[in-house]
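To keep things clear, I will list the structure first and then write my remarks on it.
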Amino acid sequence: MTVRVRFAPSPTGMFHVGGARSALQNWIYARQHGGVFVLRIEDTDVARNRPEWTEGILDALAWIGIARDTYEGPYFQSTYAEQHCAAAHQLYTSGRAYYCDCTREMIQERAGAQFRGYDGFCRDRSLGPGEGRALRFRTPDEGETRVVDLVRGEPTFDNRLIEDFVIARADGSAVFLLANVVDDMTMGITHVIRAEEHLPNTPKQQLLWDALGRTPPIWAHVPVVVNEKRQKLSKRRDKVALEQYRDEGYLADAMRNYLMLLGWAPANDREIVPWSVIEDEFRIEDVNPSPAFFDEKKLRAFNGEYIRALPPAAFVEACTPWLTGTPVAPGTTDVPAPPWPAANFDPKVFEALAPHAQTRIALLSEIVPNVDFAFLDEPPTDEAAWAKAMKEGSADLLDAAIAAFESASWEAETLKSALEAVGAERGLKLGKAQAPVRVAVTGRSVGLPLFESLEVLGRERTLSRLRAARARL
């Protein structure tokens, strides 16, 4: 048997990080078993679907390493409507489904306070298709449905507690439960790896597989992804869009490494590991069924580690979109334009500053405030930093620093020694002596190593900024 797994997102919004985690798990499982990864776009929600969301799914998958030419599809659920209707008709003619004209209000009125779902009122009324009549599946009155789940063992469901559920609307269109099953049958899906939230649907879908005369797939319901309050990640409340993380400067390698740790971990308590190790060690059977906490702070720390591990040239290339206002990845929009005129940006200057910045940022987007002083005509304005640094005695110190820098050879160590001497003459340690110089030149109280920054900025621009700051005091 060739393993065939599928990822079946709906094109109704940004790409959810939980969906990205499921896609990666399916992807790895297929690769480990020499199988096929199928991409199916479930586009039957016409009111909410938009073509750009579909393209966004393809771009997001490519960003995390699932390239467009390495999977089967994308297929679109809407093109299988005929098969959905045929399956519904088969279930009806075989007596496994019946038509029902009950409204929700009617069902609730009959049940009163004891409402527990549909009561089977139309089971024996022998209704045919017609306006206002939905098709319901006739669930067995006895027995149980046992689900083989690679993550959760064999959860068992009492059939008598499963209501006769709707499988097709009055207009003949199939609802999710049936459409999903028919699509999986049509595409030969052997394993369904999906989020825990779908587990309640599984006994119903397995009953449909059985009723249609087919062997159900093997299931694996991976844990729900939750926030710090242990609430399921919500698009309305939480930061869940994969594209947002990408556009803030998270690296794809860091993101997919972290996503794979949501419910699973490599051996020996390792976390940051090469993708090849994850592909080798991941086992769907080892996934923990408990809710998985999406810790953005931990993800940020991961990203910082990955940034620091980049070869220098790769780091320079990765920062380029934020330095030039160009797209982060194919199919994406431009990142915000940097605050300096485009003509001011000098790649050579950035290459000189890059090694000092690489150890200090956790997101690629943070590169801008770290190097903007080198490309702006004037240093950025930070009144709080100015007030903190420019205290009594700062004017005298700046005068002395200007004089020392005018004659010093322009290397970082020489500049450091010159300012140390200026500070010592005034009873100041280097940390105190360099504070007004840093703010005068870079506009900020913290940033890249000061003397290396001055060396790159050059004598003329450095002295010009020091004199301008002195004139302001």
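Keep in mind that what you see is a predicted model, and the values were worked out from it rather than measured.
- Residue K388 qualifies as open at atom NZ: its count of foreign heavy atoms under 6.0 Å is 12 or below.
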Worksheet item: Between L150 and Y29, does a side chain to side chain contact (heavy atoms under 4.5 Å, CB included) hold up when you go through it step by step?
Response: CA-CA 12 Å; L150 297 178; Y29 193 84; 4.0 Å; yes
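- For the atom pair W27 CH2 and L61 CG, the distance stands at 9.5 Å (nearest 0.5 Å).
- Scored by the side-chain hydrogen bond (donor to acceptor under 3.5 Å, both in side chains) test, E296 finds K239 as partners (sequence neighbours excluded).
- Side-chain polar atoms of H198 and N180 form no donor-acceptor pair below 3.5 angstrom.
- A donor-acceptor pair is defined here as one N or O able to donate and one able to accept, closer than 3.5 Å; such a pair exists between the side chain of Q358 and the backbone of I307.
- Donor-acceptor pairing under 3.5 Å is lacking for the side chains of T186 and Q83.
- Here salt bridge (Lys or Arg N to Asp or Glu O under 4.0 Å) pairs that include residues 454-464, with residues two or more places apart or in two chains, number zero.
- When the ring pair (Phe, Tyr, Trp, His ring centres under 6.0 Å) test is applied to W264, the partners found at least two apart in sequence or on another chain are F282.
- For the residue pair S409 and T414, a side-chain donor N or O sits within less than 3.5 Å of a side-chain acceptor on the partner.
- Here salt bridge (Lys or Arg N to Asp or Glu O under 4.0 Å) pairs that include residues 391-415, with residues two or more places apart or in two chains, are D396-R426, D399-R470, E406-R467.
- In this structure a side-chain-to-backbone donor-acceptor pair under 3.5 Å is missing from S173 to R169.
- Between atom NZ of residue K232 and atom CZ of residue R237 there is a gap of 10.0 Å, rounded to the nearest 0.5 Å.
- When only modelled atom types and interatomic distance are considered, N257 and Y306 share a side-chain donor-acceptor pair under 3.5 Å.
- Side-chain contact between L457 and W410 is absent, with no heavy atoms from C-beta onward closer than 4.5 Å.
- Contact check for I284 versus V151: side-chain heavy atoms found under the 4.5 Å cut-off.
- Classified by interplanar angle (parallel below 30°, tilted 30° to 60°, perpendicular above 60°), the ring pair F7/F15 is perpendicular.
- Between the side chain of S22 and the main chain of I193, no donor-acceptor pair closer than 3.5 Å is present.
- Between Y245 and N303, every side-chain heavy-atom pair lies at or beyond the 4.5 Å cut-off.
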Item to complete: Please step through side chain to side chain contact (heavy atoms under 4.5 Å, CB included) for the pair F76 and E42, ending with a clear verdict.
Response: CA-CA 6 Å; F76 291 86; E42 300 198 334; over 6 Å; no
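- Residues K298 and E305 are not paired through a salt bridge, judged by the lack of any N-O separation under 4.0 Å between the basic side chain and the carboxylate.
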Pair up each side-chain donor or acceptor in residues 359-369 with any protein partner under 3.5 Å, not counting sequence neighbours, and list the distances.
unit_1, atom_1, unit_2, atom_2, d
T359, OG1, H356, O, 3.4
R360, NH1, H356, O, 2.9
S365, OG, E248, O, 2.6
E366, OE1, A362, N, 2.9
E366, OE1, L363, N, 3.4
E366, OE2, R300, NH1, 3.0
E366, OE2, R300, NH2, 2.3

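- Among pairs with a residue in residues 431-451, those fulfilling side chain to side chain donor-acceptor pair (under 3.5 Å) read D372-R444, at least two apart in sequence or across chains.
- Residues F176 and T44 fail the side-chain proximity criterion, which asks for heavy atoms closer than 4.5 Å.
- Using modelled atom types, no side-chain atom of T70 and backbone atom of I66 make a donor-acceptor pair closer than 3.5 Å.
- With H16 contributing its side chain and G18 its backbone, the two residues share a donor-acceptor pair below 3.5 Å.
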Practice prompt. Please test R21 against E196 for salt bridge (Lys or Arg N to Asp or Glu O under 4.0 Å), starting from the C-alpha separation and ending with a verdict.
Written response: CA-CA 13 Å; R21 188 270 307 261; E196 175 188 357; over 6 Å; no
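- When side chains are defined from C-beta on, W209 counts as touching V181, because their heavy atoms get closer than 4.5 Å.
- S10 and T12 share no donor-acceptor pair across their side chains, judged by distance under 3.5 Å alone.
- Heavy-atom neighbours of E228 CD from other residues, nucleotides or ligands within 6.0 Å: at or below the threshold of 12.
- One finds no salt bridge joining D183 and R6 here, because no Lys/Arg side-chain nitrogen approaches an Asp/Glu carboxylate oxygen to under 4.0 Å.
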Item to complete: Begin from the C-alpha positions of Q25 and M260 and carry the test side chain to side chain contact (heavy atoms under 4.5 Å, CB included) through to its verdict.
Response: CA-CA 7 Å; Q25 291 171 332; M260 288 302 297; 4.1 Å; yes
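- Here L259 contributes atom CG and M255 contributes atom CE; the two are 5.5 Å apart, rounded to the nearest 0.5 Å.
- For the salt bridge (Lys or Arg N to Asp or Glu O under 4.0 Å) test, no residue two or more places apart in sequence or in another chain qualifies with R283.
- The side-chain hydrogen bond (donor to acceptor under 3.5 Å, both in side chains) check on R214 picks up nothing, with sequence neighbours excluded.
- With sequence neighbours excluded, no residue forms a side-chain hydrogen bond (donor to acceptor under 3.5 Å, both in side chains) with D69.
- Between the side chains of Q77 and D43, no donor-acceptor pair of N or O atoms lies under 3.5 Å.
- Residue E285 places its CD atom among more than 12 non-hydrogen atoms of other residues, nucleotides or ligands, all under 6.0 Å distant.
- Contact of the W53 side chain with the P51 side chain is not registered, since no non-hydrogen atoms from C-beta on lie closer than 4.5 Å.
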Fill in: Candidate pair T190 and I218, rule side chain to side chain contact (heavy atoms under 4.5 Å, CB included), full reasoning
CA-CA 6 Å; T190 62; I218 296 172; over 6 Å; no
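- Counting heavy-atom neighbours within 6.0 Å of E52 CD, excluding the residue itself, gives a total above 12.
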Side-chain donor-acceptor pairs under 3.5 Å in residues 219-227, sequence neighbours left out?
unit_1, atom_1, unit_2, atom_2, d
W219, NE1, Q206, OE1, 2.9
W219, NE1, P217, O, 3.3
H221, ND1, D149, OD2, 2.7
H221, NE2, R194, NE, 3.1
H221, NE2, T202, OG1, 2.9
N227, OD1, K229, N, 2.9
N227, OD1, R230, N, 3.2
N227, OD1, Q231, N, 2.9
N227, ND2, Q231, OE1, 3.2
N227, ND2, D238, OD1, 3.2

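- Applying the side-chain hydrogen bond (donor to acceptor under 3.5 Å, both in side chains) criterion to T320, with sequence neighbours excluded, gives no partner residue.
- A salt bridge is absent between E378 and R472: the closest approach of a Lys/Arg side-chain nitrogen to an acidic carboxylate oxygen does not fall below 4.0 angstrom.
- In K416, the NZ atom is not crowded: 12 or fewer heavy atoms of neighbouring residues, nucleotides or ligands sit closer than 6.0 Å.
- Annotation: side chain of V328 is in contact with side chain of W322 (closest heavy-atom distance under 4.5 Å).
- Using a 4.5 Å heavy-atom cutoff, the side chains of V3 and V36 are not in contact.
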Counting only pairs under 3.5 Å, give me each side-chain donor-acceptor contact of residues 343-355, with atom names and distances, residues two or more places apart or in other chains.
unit_1, atom_1, unit_2, atom_2, d
N344, ND2, F375, O, 2.8
N344, ND2, D377, OD1, 3.0
D346, OD1, K348, N, 2.9

